[in-house]
Amino acid sequence: MPLLEIKNLQLEFGTVDRPHRVVDGVSLKLEAGKTLCLVGESGSGKSVTALSIAKLLPSPPVRYVGGEILLEGRDVLKMPPGELQKIRGGVVSYVFQEPGASLNPVFRIGAQIKESLTYHRPEKANDAEVIRLLKLVGIPAPEMRLKNYPHEMSGGMQQRVMIAMALASQPKLLVADEPTTALDVTIQAQIIELLQSLCEQLGMAVLLITHNLGIVGDIADDLAVMYAGQIVEVGPVRDVLKNPLHPYTQALIHSVPKLGRDVTRLTTIPGTVPNLGSIPSGCRFHPRCPKAQPPCSTEPPELMTLANSRQVRCPLWDSPNLNQPANGSL
Ligand code: SF4
């Protein structure tokens, strides 16, 4: 049984009369101890999907209109509030971007970590355990650091504190939502290495949400690509990066700047992710897809299962011209 299995999840915002489907039929699986990366541009539904795992989105305005989120086999969407409270932190913990905004500026970081321990492991709510957690996430001189306020630490150190706080409850699943976005490039690499080593040491599963395809090859086992509320491609990370099948995945990969490539303009994907009130008919990517054919604008493609645990939402995935980078902006 997978640790996490999302089946055909459907979420809506807006009013009952004018609903906006922000997540439409998302299905994902994550085994214990594995790392799944969920990528896509801003507005594709990644964070909303991730926050639903512990039902953290307030309802209303969100309506869970269909599907299941099975965490250790139990459907989160049907849990009573008391049980939900136990799995938040107890089974799944979150690390968000902008640690400076997540930490409380008026409490020392030791007290903030101890608060999490008090709730989830009261027998360990002491300085020795806080120091052990700070050491685990690579903070030097933890005996001194636990007395610091957040503003006395750099962004990278603050993010390590957030990870320590998330680990205090010994979760089985860590959801890291753009954990490196607000950090500079060298610190980003350190945080990704830290997540990777914690995953190995603690046998914890990680769901990493990012729009940065440049980092996923180093950490992920599997990769899922989202566009406009739907999964468009899933597979083992190396296979997807080496041989992307969906035109959107191909476009994302070609948009990653490469050192040594002699270019005058960086590659971009033309257009923007559609807003919720105007999702295109047919294939949601067709207005931006350089390989679109006439039926693409009217026939919504299904997510097809292929060999080697791969899935793709494009009936033309094996057309010879679709596996080549397009001319022009892709
Ligand atoms: Fe492009 Fe058509 Fe495939 Fe959609 S279905 S990704 S528009 S080729």
Side-chain angles (χ1 to χ4, degrees), residues 6 8-11 20-29 36-49 67 209-214 216-217 220 222-256 265-330:
I6 301 177
N8 196 24
L9 180 65
Q10 311 205 21
L11 290 186
H20 296 313
R21 187 69 59 96
V22 284
V23 173
D24 193 8
V26 164
S27 296
L28 292 170
K29 268 188 202 172
L36 169 67
C37 279
L38 190 54
V39 301
E41 291 162 283
S42 298
S44 59
K46 311 181 297 293
S47 294
V48 174
T49 302
I209 316 292
T210 181
H211 58 247
N212 184 353
L213 264 177
V216 302
D222 294 304
L223 179 62
V225 183
M226 265 190 100
Y227 184 77
Q230 296 181 324
I231 298 289
V232 296
E233 183 158 4
V234 187
V237 69
R238 298 206 184 285
D239 295 350
V240 176
L241 292 180
K242 198 169 154 201
N243 182 26
L245 302 178
H246 194 281
Y248 180 58
T249 317
Q250 293 169 4
L252 283 178
I253 290 172
H254 287 117
S255 301
V256 177
R265 285 178 72 90
L266 291 175
T267 308
T268 60
I269 306 175
T272 54
V273 175
N275 73 43
L276 299 176
S278 55
I279 296 286
S281 60
C283 172
R284 295 177 177 198
F285 188 54
H286 86 262
R288 305 174 73 189
C289 181
K291 298 151 186 176
Q293 304 295 312
C296 298
S297 60
T298 53
E299 294 168 17
E302 295 293 322
L303 190 64
M304 295 179 293
T305 300
L306 312 175
N308 302 329
S309 312
R310 295 197 65 173
Q311 292 180 297
V312 63
R313 191 184 293 276
C314 175
L316 305 176
W317 68 271
D318 60 348
S319 302
N321 65 328
L322 282 180
N323 289 324
Q324 302 298 324
N327 290 330
S329 54
L330 292 194

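Read the numbers this way: they start at 1 and go in the same order the structure lists the ligands and their atoms.
Comparing C283, C289, P300, G282 against atom 4 (Fe) of ligand 1, the shortest heavy-atom distance belongs to C283.
Under 2.8 Å from atom 1 (Fe) of ligand 1 lies no N/O/S atom of C296, from backbone or side chain alike.
Each of the atoms 5 (S) of ligand 1 lies under 4.0 Å from some heavy atom of P315. Distances below 4.0 Å separate heavy atoms of K291 from the following atoms of ligand 1: 8 (S). Taking a cut-off of under 4.0 Å to the non-hydrogen atoms of L316, the atoms of ligand 1 that pass are 8 (S). Atom numbering of ligand 1 starts at 1 in the shown order; those under 4.0 Å from a heavy atom of H246 are 6 (S).
Checked against side-chain hydrogen bond (donor to acceptor under 3.5 Å, both in side chains), N308 has no partners two or more places apart in sequence or in another chain. For T249, the side-chain hydrogen bond (donor to acceptor under 3.5 Å, both in side chains) test picks out E233, with sequence neighbours left out.
Taken to the nearest 0.5 Å, the OG1 atom of T49 stands 7.5 Å off from the CG atom of L28.
At distances below 3.5 Å, not a single donor-acceptor pair connects side-chain atoms of K46 with backbone N or O atoms of M226. A donor-acceptor distance shorter than 3.5 angstrom exists from the side chain of R313 to the backbone of P301, with no hydrogens or angles considered.
With a 4.0 Å heavy-atom cut-off, ligand 1 is reached by no atom of R313.
Classified by interplanar angle (parallel below 30°, tilted 30° to 60°, perpendicular above 60°), the ring pair H246/F285 is tilted.
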